Amino acid sequence: MRYIELKTLGIDPQDLNDRLQSGAITGEQAKAEMDAKGAQLDYAAIIRDLVKAPQQGGIDLDAMRRHMRILDALDAASGVLALEDADHALLAKLVKGHKWAMADRNILTFCEEIAAAPCTDPRLIAEAAE
């Protein structure tokens, strides 16, 4: 098994816009925050989009079943996505082969964390540390 913490990186655009509209921050401060924290990236949403994305030339039924295993595990996940090794290998392949629309530190972090997903549930590590 491999475990992927389903987290969100980057800045919440709605919160940033609300603070900008209320005058709590200036446009210059908003830009600086966006540059420092990067665009928002939700692991669960990105994984879902990557797994559901159309494959070049379409997708056959066997491949569709393999993709559905990841989506089923994602639907069942509560904060941490647990994948069988074969399912993790497929997800890692999809992530590595994807052409991203921009260069972003949060995307790079996401890709690296998918590739290096641990074999131990991070919740167990956190409990042991307490």
Side-chain angles (χ1 to χ4, degrees):
M1 290 290 269
R2 297 295 186 110
Y3 298 90
I4 300 162
E5 187 178 350
L6 297 174
K7 55 188 166 185
T8 301
L9 300 178
I11 195 158
D12 178 355
Q14 184 63 51
D15 174 62
L16 186 67
N17 189 51
D18 289 348
R19 290 186 293 128
L20 186 59
Q21 294 299 319
S22 72
I25 59 173
T26 66
E28 194 172 288
Q29 290 170 319
K31 183 182 179 334
E33 278 190 47
M34 186 64 129
D35 289 345
K37 295 181 181 177
Q40 189 174 52
L41 188 139
D42 179 302
Y43 279 35
I46 295 292
I47 290 169
R48 187 173 309 283
D49 288 347
L50 286 171
V51 173
K52 291 177 86 173
Q55 305 297 301
Q56 186 175 13
I59 186 167
D60 64 41
L61 289 176
D62 289 336
M64 190 179 299
R65 285 185 185 95
R66 290 190 299 272
H67 284 232
M68 293 308 297
R69 286 175 47 92
I70 296 170
L71 292 173
D72 290 344
L74 189 57
D75 289 342
S78 178
V80 174
L81 175 61
L83 293 174
E84 298 292 339
D85 288 343
D87 298 331
H88 172 261
L90 172 59
L91 178 60
K93 179 181 174 185
L94 292 170
V95 168
K96 185 175 182 180
H98 186 71
K99 301 294 183 200
W100 301 94
M102 65 178 153
D104 184 274
R105 192 170 314 282
N106 291 338
I107 293 172
L108 187 57
T109 299
F110 167 79
C111 295
E112 290 170 347
E113 288 184 3
I114 296 297
C119 296
T120 304
D121 188 331
R123 295 171 292 195
L124 296 177
I125 295 169
E127 288 175 10
E130 292 176 354

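Bear in mind that the values here come from a model prediction, so they are computed numbers and not experimental data.
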What I'd like to find out is whether the side chain of [X] reaches to under 4.5 Å of the side chain of [Y], using heavy atoms alone.
{"X": "L90", "Y": "R69", "result": "no"}
{"X": "T109", "Y": "L41", "result": "no"}
{"X": "L61", "Y": "R65", "result": "yes"}

Give the minimum heavy-atom separation between [X] and [Y], together with the two atoms involved.
{"X": "V95", "Y": "C111", "answer": "CG1-SG, 3.5 Å"}
{"X": "I107", "Y": "W100", "answer": "CG2-CD2, 3.5 Å"}
{"X": "E5", "Y": "Y43", "answer": "O-CD2, 3.3 Å"}
{"X": "A39", "Y": "M102", "answer": "CB-CE, 4.3 Å"}

> With R2, which residues qualify under side-chain hydrogen bond (donor to acceptor under 3.5 Å, both in side chains), at least two apart?
Replying inline: none
> Considering residues at least two apart in sequence or located in another chain, which fulfil the side-chain hydrogen bond (donor to acceptor under 3.5 Å, both in side chains) criterion with D104?
Replying inline: none
>> Can you tell whether the side chains of R66 and D62 come within less than 4.0 Å, N to carboxylate O?
In response: no
Just how far is it from atom [atom1] of [X] to atom [atom2] of [Y], taken to the nearest 0.5 Å?
{"X": "L50", "Y": "H67", "atom1": "CG", "atom2": "NE2", "answer": "10.0 Å"}
{"X": "M68", "Y": "K52", "atom1": "CE", "atom2": "NZ", "answer": "7.5 Å"}
{"X": "M64", "Y": "L71", "atom1": "CE", "atom2": "CG", "answer": "11.0 Å"}
{"X": "D121", "Y": "M1", "atom1": "CG", "atom2": "CE", "answer": "8.5 Å"}
{"X": "I46", "Y": "L94", "atom1": "CD1", "atom2": "CG", "answer": "13.0 Å"}
{"X": "K37", "Y": "L16", "atom1": "NZ", "atom2": "CG", "answer": "9.0 Å"}

> Do V51 and I4 belong together in a cluster built from hydrophobic side chains that touch within less than 4.5 Å?
Replying inline: yes
> Should E33 and R19 be marked as a side-chain contact (heavy atoms from CB on, under 4.5 Å) after you check the CA-CA gap, both sets of side-chain angles, and the distance that decides it?
Replying inline: CA-CA 12 Å; E33 278 190 47; R19 290 186 293 128; 2.6 Å; yes
For residues 72-82, please give each side-chain donor-acceptor pair under 3.5 Å, one per line with the distance, not counting sequence neighbours.
unit_1: D75; atom_1: OD1; unit_2: R48; atom_2: NH1; d: 3.1
unit_1: D75; atom_1: OD1; unit_2: R48; atom_2: NH2; d: 3.1

> Are I114 and I47 close enough, and set up right, to give a side-chain contact (heavy atoms from CB on, under 4.5 Å), and what steps lead you there?
Replying inline: CA-CA 10 Å; I114 296 297; I47 290 169; 4.1 Å; yes
>> Checking the side chain of Q29 only, and the main-chain atoms of T26 only, is there a donor and an acceptor separated by less than 3.5 Å?
In response: yes
>> For Q40, run the side-chain contact (heavy atoms from CB on, under 4.5 Å) check against L9, D15, T8 and tell me which one passes.
In response: T8
